[in-house]
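Below: the structure, in structure tokens.
Position 1 is the first residue of the sequence, and the numbers go up from there.
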Amino acid sequence: MPSRDQAPPRATRPRRALSHFDRVVRVPLGFLWLAVIGVVAVPVLIGMTFLYYVTHAAESVAGGRSEPPVEMNAGDDRDA
């Protein structure tokens, strides 16, 4: 019986060996899919960054906030 601090060993299911089809077809398709996700993600990242700066510029032109933003650890009085 395992002690209270240790978790009981979990039964893992046996893994199957990769077939020739897996190595020749599925692995390259997985890498291709990863590249497609990267190609889609980069323009979205650039667009969101551009949108962030445009909204902050429009906010400052329109008069936006009257007080400066609060720092994340403004209430933290601990000394490091």
Side-chain angles (χ1 to χ4, degrees):
M1 181 170 179
S3 69
R4 206 174 244 247
D5 296 334
Q6 292 179 338
R10 295 187 333 176
T12 59
R13 61 185 179 140
R15 297 177 185 237
R16 69 177 183 88
L18 291 178
S19 68
H20 188 66
F21 178 78
D22 291 334
R23 292 182 194 272
V24 173
V25 176
R26 289 187 180 183
V27 171
L29 282 177
F31 282 121
L32 182 64
W33 182 242
L34 184 64
V36 167
I37 291 172
V39 166
V40 170
V42 169
V44 169
L45 181 80
I46 292 170
M48 295 300 281
T49 303
F50 177 72
L51 184 62
Y52 171 82
Y53 284 114
V54 166
T55 55
H56 278 276
E59 187 177 78
S60 66
V61 168
R65 294 182 177 196
S66 58
E67 73 266 356
V70 178
E71 291 185 25
M72 292 298 288
N73 55 359
D76 192 7
D77 295 334
R78 291 183 289 159
D79 291 338

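- Side-chain heavy-atom separations under 4.5 angstrom define the hydrophobic clusters, and the remaining members of the one that includes Val54 are Phe50.
- The side-chain contact (heavy atoms from CB on, under 4.5 Å) test applied to Ser19 returns Phe21, Asp22, not counting sequence neighbours.
- Residue Leu18 shares its hydrophobic cluster (ILVMFWY side chains chained together at separations under 4.5 Å) with no other residue.
- Atom CZ of Arg13 and atom CZ of Arg10 lie 11.5 Å apart (nearest 0.5 Å).
- Looking at residues two or more places apart in sequence or on another chain, you find a ring pair (Phe, Tyr, Trp, His ring centres under 6.0 Å) between Tyr52 and His56.
- Residues satisfying the side-chain hydrogen bond (donor to acceptor under 3.5 Å, both in side chains) test with Arg15, not counting sequence neighbours, are none.
- Under a 4.5 Å side-chain heavy-atom criterion applied to ILVMFWY residues, the cluster that includes Val42 comprises Ile46 as well.
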With a cut-off of 3.5 Å and sequence neighbours excluded, list every side-chain donor-acceptor pair involving residues 23-33.
none

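- With sequence neighbours left out, Leu45 forms a side-chain contact (heavy atoms from CB on, under 4.5 Å) with no residue at all.
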